[in-house]
Amino acid sequence: MNPSVPRALLADGSSLDVIGYGVYKIPPEETEQLCSTALGAGYRLIDTAALYGNEAGVGAAVRSYLSSGERDDLFITSKVWNDDHGYDATLRAFDATMDRIGLDQLDLYLIHWPVPSKGLYVESWRALNQLRADGRVRSVGVSNFQEDHLRRLQDETGVRPVLNQIELHPYLQQRALRDFHAENGILTQAWSPLGRGTALTDPVVGDIAAQLGRTPAQVVLRWHLQHDILTIPKSSSPERISSNLDIFDFSLDDGQLAALDALDRDQHSGSANRD
Ligand SMILES: NC(=O)C1=CN([C@@H]2O[C@H](COP(=O)(O)OP(=O)(O)OC[C@H]3O[C@@H](n4cnc5c(N)ncnc54)[C@H](OP(=O)(O)O)[C@@H]3O)[C@@H](O)[C@H]2O)C=CC1
Ligand SMILES: O=C(O)C(=O)[C@@H](O)[C@H](O)C(=O)CO
């Protein structure tokens, strides 16, 4: 555990760091080194997925960390990809992920997208809950689920995800879904929390960064933090990896928060859906 990073409590009793390191688009051959850099900078949560093709690199960095660190200090997330929906296919995909990562137990496993056209996400959800009952994963959740998908999981299985990972940044604030999460004990974790860089050149963000003597990325990540939104920024630069974590010794005042809140424009930086 890194005591300087606050943790958030999941409804199943586990907890996770409010900020982690995302590795989408990091090439497999660079993943071990960059994850080790992130761990060295103080990150303890790493977000990967079968889709990213770099789970083995995450696992190599984790094993290197464990030569002197504690397993319980780390929090590793992965996700079942859209091709592997269905009960048995999801169990097989999980086994393959664990073979690549090389851990006995995963901290969080997510359904990457609901893919409603396939109609199989409820079966995948049953598989995730079986993996949790078997002790192979500590927490189970989803990603890119809308309110109707979340309601269906609850209605058909009686079990809610503890977390929904969705695209969220100042240009896409997802207020209705965040409210639904809050009412239902589901934590919100932002993917593309920097809007893949788009939000960083906004003049409002730049002005606040200048007022505070901070980087635009720190301002945006602090905005998430003050709204209880978990983040997993990606960077391939050791300096930016480190500075993105340095958000706990300043705060945005009400006026700065309101100015950032006013940037919402329903603008996606990634896929809006994967039907
Ligand atoms: N569940 C899902 O469907 C999805 C999940 N994700 C997860 O979310 C993570 C983060 O999302 P991602 O799409 O990568 O986008 P981010 O919003 O994290 O933005 C990453 C981009 O911002 C740049 N950047 C990072 N830090 C800084 C900084 N301090 N100053 C300037 N530029 C910066 C990076 O460039 P550089 O590397 O050069 O620093 C990169 O181009 C992913 O890695 C993945 O783990 C992402 C997409 C979908
Ligand atoms: O945003 C995109 O266009 C993508 O390809 C990604 O979001 C991808 O779908 C994904 O889920 C990464 O986690």
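In this text the structure is predicted, and so the values were computed from the model without any measurement. Atoms within each ligand, like the ligands themselves, are counted from 1 in listed order.
- The nearest non-hydrogen atom to atom 12 (P) of ligand 1, considering only Pro216, Ser192, Ser242, comes from Ser192.
- When hydrogens are left out, the protein atom nearest atom 7 (O) of ligand 2 is Arg196 NH2, 3.7 Å; that is the closest non-hydrogen contact.
- For a threshold of 3.5 Å applied to N or O pairs, the pair formed by Asn144 and ligand 2 contains no separation below that value.
- Ring orientation note: the planes of Tyr52 and Tyr24 are tilted relative to one another, at an angle of 30° to 60°.
- Between Ala217 and ligand 1, no pair of N/O atoms sits closer than 3.5 Å.
- Contacts of Ser271 with ligand 1, taken as heavy-atom pairs under 4.0 Å, are absent altogether.
- Backbone and side-chain nitrogen or oxygen atoms of Trp81 are examined, and none is located within less than 3.5 angstrom of a nitrogen or oxygen of ligand 2.
- Each of the atoms 18 (O) of ligand 1 lies under 4.0 Å from some heavy atom of Pro233.
- Close contacts of ligand 1 with Leu200, meaning ligand atoms under 4.0 Å from a residue heavy atom, involve 30 (N), 31 (C), 32 (N), 33 (C).
- In this structure, atom 33 (C) of ligand 1 lies nearest to the protein heavy atom Arg240 CD, 3.7 Å.
- Residue Trp113 has at least one heavy-atom neighbour below 4.0 Å for each of these atoms of ligand 1: 3 (O).
- For a threshold of 3.5 Å applied to N or O pairs, the pair formed by Tyr52 and ligand 2 contains at least one separation below that value.
- With respect to atom 10 (C) of ligand 1, the closest heavy atom belonging to the protein is Ile232 O, 3.1 Å.
- Those atoms of ligand 1 that come under 4.0 Å of a heavy atom in His112, given as number and element, are 1 (N), 2 (C), 3 (O).
- Listed by number with element, the atoms of ligand 1 under 4.0 angstrom from any heavy atom of Ser236 are 36 (P), 37 (O), 39 (O).
- Nearest protein heavy-atom neighbour of atom 20 (C) of ligand 1: Lys234 O, 3.4 Å.
- Closest to atom 3 (O) of ligand 1 among all protein heavy atoms lies Asn144 ND2, 2.9 Å.
- Under a 4.0 Å criterion applied to the non-hydrogen atoms of Pro193, ligand 1 contributes the atoms 10 (C), 17 (O), 18 (O).
- Taking only nitrogen or oxygen atoms, main chain and side chain alike, Lys79 does not reach within less than 3.5 Å of ligand 1.
- For atom 19 (O) of ligand 1, the closest non-hydrogen atom on the protein side is Arg196 CA, 3.3 Å.
- Where the criterion is an N or O separation shorter than 3.5 Å, residue side chain and backbone included, Ser235 meets it with respect to ligand 1.
- For the residues Tyr24, Tyr21, Trp191, the heavy atom positioned nearest atom 2 (C) of ligand 1 is part of Trp191.
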